[in-house]
Amino acid sequence: KMKSKLLCGFALGLLSLSVIISGCIAASAENSTDTTIVMTIDNPLMQINGEDINIDENGTSPIIVDGSTLVPIRAVAEALGGAVEWDNDTRNVTITKDAKVIKLVIDEINARVDESNVTLDAAPVIINGRTMLPLRFVAENLGAEVEWNGENRKITITSKSENNINATEATTEDFSSELTTKSLSD
């Protein structure tokens, strides 16, 4: 009789465990802050995690200048978790994310990332009143990966969250051994 109760308790515990693990995995997926941004040259819309939005209120599109894609960076930086500051007097753009600080100056080929000087492939410019910055440089320095599809003139930016809890790392064996020990001691 005691053995039957123990087995029943163990089975019930495993069932409960599977429900808990499923919930953790679903919650992890829902709370994921992974971000995918898709932009197309000469298209004023971009997709953030599958949702179409305007890049900015003026209908500005990504363009290619001297082989580099330039975009009004605020929407991209903010989608990647960064913040953008513009100083009109000095024509400086400062982008921050966590402890990372990126500083660019309009029409200057040199930039700063934290305390390091960096030479850009293309200088930031102002076109039709919009500040346009080199997309790959900014996105990669914010920790994202950038892919270029030349045939479709499409840019895909992917940022993986470093803070995701990977519920699948907690295995059923970890929980069942704890449950077995607990059931046997009760």
Side-chain angles (χ1 to χ4, degrees), residues 27-166:
S28 177
E30 287 174 14
N31 294 329
S32 171
T33 55
D34 292 356
T35 303
T36 301
I37 302 168
V38 179
M39 305 175 92
T40 305
I41 300 302
D42 297 326
N43 184 342
L45 295 176
M46 67 181 191
Q47 283 188 345
I48 300 178
N49 296 331
E51 182 181 337
D52 286 336
I53 64 165
N54 289 316
I55 293 173
D56 71 10
E57 67 278 359
N58 295 334
T60 309
S61 301
I63 60 170
I64 297 176
V65 174
D66 296 329
S68 291
T69 302
L70 302 180
V71 299
I73 204 68
R74 182 174 301 278
V76 173
E78 289 176 353
L80 294 173
V84 179
E85 293 179 31
W86 166 249
D87 184 329
N88 197 46
D89 294 335
T90 61
R91 297 168 39 110
N92 285 337
V93 178
T94 303
I95 303 165
T96 56
K97 179 181 178 188
D98 302 323
K100 177 78 68 178
V101 178
I102 304 167
K103 294 186 179 209
L104 302 104
V105 180
I106 300 303
D107 297 324
E108 295 277 334
I109 199 76
N110 297 310
R112 288 186 64 79
V113 178
D114 296 327
E115 298 302 317
S116 301
N117 292 322
V118 180
T119 301
L120 302 169
D121 292 331
V125 295
I126 297 177
I127 299 174
N128 296 327
R130 302 308 295 166
T131 303
M132 306 288 282
L133 303 182
L135 176 61
R136 180 176 296 277
F137 172 79
V138 173
E140 288 179 349
N141 277 288
L142 291 178
E145 294 177 12
V146 179
E147 292 180 32
W148 166 249
N149 179 326
E151 185 176 327
N152 297 322
R153 297 169 45 100
K154 187 175 285 194
I155 307 108
T156 302
I157 304 159
T158 308
S159 177
K160 300 284 185 193
S161 172
E162 296 174 5
N163 300 323
N164 279 353
I165 296 170
N166 187 354

From Thr35 atom OG1 to Glu78 atom CD, the distance as rounded to the nearest 0.5 Å: 12.5 Å
Polar side-chain atom of Asn149 near backbone of Glu151 as donor-acceptor pair, under 3.5 Å: yes
Nearest heavy atoms of Ile55 and Ser61, plus distance in Å: CD1-CA, 4.4 Å
Heavy-atom pair of closest approach, residues Gly59 and Pro44: O-CB, 3.3 Å
N/O donor-acceptor pair under 3.5 Å between Asn54 side chain and Leu45 backbone: no
Under 3.5 Å donor-acceptor, Arg136 side chain and Ser68 backbone: no
Partner set under side-chain hydrogen bond (donor to acceptor under 3.5 Å, both in side chains) for Asp87, not counting sequence neighbours: Thr90
Worked check of side-chain contact (heavy atoms from CB on, under 4.5 Å) between Lys97 and Ile102: CA-CA 9 Å; Lys97 179 181 178 188; Ile102 304 167; over 6 Å; no
Nearest heavy atoms of Leu120 and Glu108, plus distance in Å: CD1-O, 3.9 Å
Gap between atom CD1 of Ile126 and atom CG of Leu70 - 0.5 Å precision: 12.5 Å
Pair Val113-Lys100, side-chain contact (heavy atoms from CB on, under 4.5 Å): steps then yes or no: CA-CA 7 Å; Val113 178; Lys100 177 78 68 178; 3.7 Å; yes
Value rounded to 0.5 Å, distance of CG in Leu104 from CZ in Arg112: 11.5 Å
From CG (Asp114) to CG (Asn117), nearest 0.5 Å: 11.5 Å
CD1 on Ile95 to CG on Leu133, rounded to 0.5 Å: 5.5 Å
Set of side-chain hydrogen bond (donor to acceptor under 3.5 Å, both in side chains) partners for Arg91, sequence neighbours left out: Asp107
Pairs meeting criterion salt bridge (charged side-chain N to carboxylate O under 4.0 Å, His left out) with involvement of residues 43-61, two or more places apart: Asp56-Arg130, Glu57-Arg130
Short side-chain to backbone donor-acceptor contact, Lys103 and Ala111, under 3.5 Å: no
Criterion side-chain contact (heavy atoms from CB on, under 4.5 Å) on Leu142 and Phe137, from CA distance to verdict: CA-CA 9 Å; Leu142 291 178; Phe137 172 79; over 6 Å; no
Over all atoms of both residues, closest heavy-atom pair of Pro62 and Met39: CG-CE, 3.9 Å
Point-to-point distance, once rounded to the nearest 0.5 Å, from CZ of Arg153 to CG of Asn43: 11.0 Å
Candidate pair Ile63 and Asp42, rule side-chain contact (heavy atoms from CB on, under 4.5 Å), full reasoning: CA-CA 6 Å; Ile63 60 170; Asp42 297 326; 4.3 Å; yes
Non-hydrogen atoms of Met46 and Ala75 that approach each other most closely: CE-CB, 3.3 Å
Closest contact, heavy atoms only, Thr156 versus Thr36: CG2-CG2, 4.0 Å
